[in-house]
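Following: one structure in structure tokens, then a few remarks.
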Number of protein chains: 2
Amino acid sequence: MKYSKQRELIQNTVLENRIHPTADDVYNMLKPIHTNLSLGTVYRNLNTLVENGTIIKISMPNGSDRYDGDLSKHDHMVCDQCGKVFDIKTEGLLNIVQKIENTTDFEVRDYQLMIHGLCHNCKESKG
Amino acid sequence: MKYSKQRELIQNTVLENRIHPTADDVYNMLKPIHTNLSLGTVYRNLNTLVENGTIIKISMPNGSDRYDGDLSKHDHMVCDQCGKVFDIKTEGLLNIVQKIENTTDFEVRDYQLMIHGLCHNCKESKG
DNA sequence: TCAATATTAATAACGGTTACTGTTATTAAT
DNA sequence: ATTAATAACAGTAACCGTTATTAATATTGA
Ligand SMILES: [Mn+2]
Ligand SMILES: [Mn+2]
Ligand SMILES: [Zn+2]
Ligand SMILES: [Zn+2]
């Protein structure tokens with residue numbers, strides 16, 4: 001299937017900017033050059049790309065959903081101060097989840113670990 | 001500090017119903033008897049109780065926040081079918097998080113594991 | 001008793017997201 | 001090339017969960 005110009009722009013923006021952008025971030029990155037892009041189009045295509053498995057969506061406890069072009073299984077830390085999202089590799093977490101699945105009658109489909117705290121920069125600028 | 005009648009009702013509802021109710025759930029449980037209770041009052045007092053450390057709030061990836069009277073550190077599984085939320089004890093997760101904290105310059109304040117899947121009932125009724 | 005304070009019910013406003021609508025672009029068949 | 005069918009678009013209204021505002025009511029304490 002061939003993609004529309006807009007969908008391609010939106011996909012590339014997520015894939016090339018590994019900052020876990022929100023829909024609004026993507027919109028604001030593209031809007032200056034592609035002046036008649038609509039925010040609704042960004043949301044619609046981000047959802048389509050998630051359904052296609054091209055990108056993933058990260059639900060944030062407070063604030064907008066974020067999108068991620070890194071399809072490898074990984075988790076995230078979010079800085080409560082500046083809102084930046086960082087990738088983490090969680091070796092051993094799968095084992096924990098599998099143990100839970102084995103000791104309950106729950107069928108696991110997916111799981112996410114989210115760590116909250118302060119990033120390096122924000123830790124320094126607080127004292 | 002003495003609590004208002006409303007706050008006490010709301011607190012008791014969360015503490016006595018360990019189903020991880022939403023604000024709307026709490027409202028709907030109380031409204032039939034306390035006919036002039038306002039949904040805004042439920043939200044406001046739930047927030048106050050969370051600030052006081054009397055209850056905790058669980059952010060759900062899709063849908064409303066849920067509230068929990070169980071203050072012990074634990075995590076949750078949510079059924080993608082029926083939406084029910086189940087408690088899980090995650091032995092070993094703290095170690096994983098501490099290892100991440102030690103190998104990064106991130107200061108961890110809190111963390112949550114959320115597992116998605118199918119509960120026992122919904123697994124059966126699908127085949 | 002009376003004023004100061006806290007909390008409420010009701011409702012408007014908000015932020016993020018989705019749904020609708022009429023238009024434009026793409027594709028495939030004549 | 002013209003047409004018809006389909007897909008995607010821009011623009012915007014509607015939606016949903018939550019928070020903020022406001023005027024009224026309840027509680028406290030001199
Ligand atoms: Mn990531
Ligand atoms: Mn719980
Ligand atoms: Zn930070
Ligand atoms: Zn279920």
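Naming: A, B, ... by sequence-line order, numbering from 1 per chain. Nothing here was measured: the structure is a model prediction, and the numbers come from that model.
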* Can a donor-acceptor pair be found between the side chains of A:Tyr43 and A:Asp65 at a distance below 3.5 Å? -> no
* Please determine, by modelled atom types, if A:Ser4 and A:Arg7 share a side-chain donor-acceptor pair under 3.5 angstrom. => no
* Would you mind reading off the distance between B:His34 atom NE2 and D:dA26 atom C1', rounded to a whole angstrom? => 17 Å
* Asked: For B:Leu46 and D:dT18, what is the distance between atoms CG and P respectively, to the nearest whole Å?
  -> 10 Å
* Structure fact -> Mate of C:dA28 across any strand shown (Watson-Crick or G-U wobble, both atom pairs under 3.5 Å) is D:dT3
* Partner nucleotide of D:dA30 by Watson-Crick or wobble geometry (both distances under 3.5 Å) -> C:dT1
* **Distance-only donor-acceptor check, side chains B:Asp68 and B:His74, under 3.5 Å** => yes
* Would you classify B:Asn45 as touching base, sugar-phosphate or nothing, given that sugar-phosphate means primed atoms plus P, OP1 and OP2, and contacts are heavy atoms under 4.0 Å? => sugar-phosphate
* Quickly work out the A:Leu9 CG to D:dA8 P distance and round it to whole Å. => 15 Å
* Distance in angstrom units between A:Met60 CE and C:dG15 P, rounded -> 19 Å
* Asked: Taking the side chain of B:Arg44 as its heavy atoms from C-beta onward, which of D:dT19, C:dT17, C:dT7 lies nearest to it?
  -> C:dT7
* Structure fact -> Ranking A:Thr41 and B:Leu39 by the position along DNA chain D of their nearest nucleotide, the one closer to 5' is A:Thr41
* **Gap between atoms CG and C1', on A:Asn36 and D:dA8 respectively (whole Å)** => 13 Å
* What nucleotide among C:dT18, C:dG16, D:dC9 has an atom nearest to a side-chain atom of A:Asn47? -> C:dT18
* Structure fact -> Side-chain atoms of B:Tyr43 come closest, of C:dT17, D:dT18, C:dT8, to D:dT18
* Below 3.5 Å, does any donor atom in the side chain of A:Ser38 face an acceptor in the base of D:dG11, or the other way round? -> yes
* **Separation of atom OH in B:Tyr3 from atom P in C:dT7, rounded to whole Å** => 10 Å
* To do: Ignoring backbone atoms, establish whether B:Ser4 has a side-chain N or O less than 4.0 Å from OP1 or OP2 of D:dA26.
  => no
* **Between C:dG16 (P) and A:Tyr27 (OH): distance, integer Å** => 14 Å
* To do: Give the intermediate values and the outcome of side-chain contact (heavy atoms from CB on, under 4.5 Å) for residues B:Leu49 and B:Val14.
  => CA-CA 10 Å; B:Leu49 292 165; B:Val14 175; 5.8 Å; no
* Side chains of A:Thr48 and A:Asn45: do they bring a donor and an acceptor to under 3.5 Å? -> no
* Nearest-angstrom distance from the residue atom CG of A:Asn28 to C1' of C:dG16 -> 14 Å
* To do: Counting heavy atoms from C-beta on, name the nucleotide in C:dT17, D:dA10, C:dT8 closest to the side chain of A:Gln6.
  => D:dA10
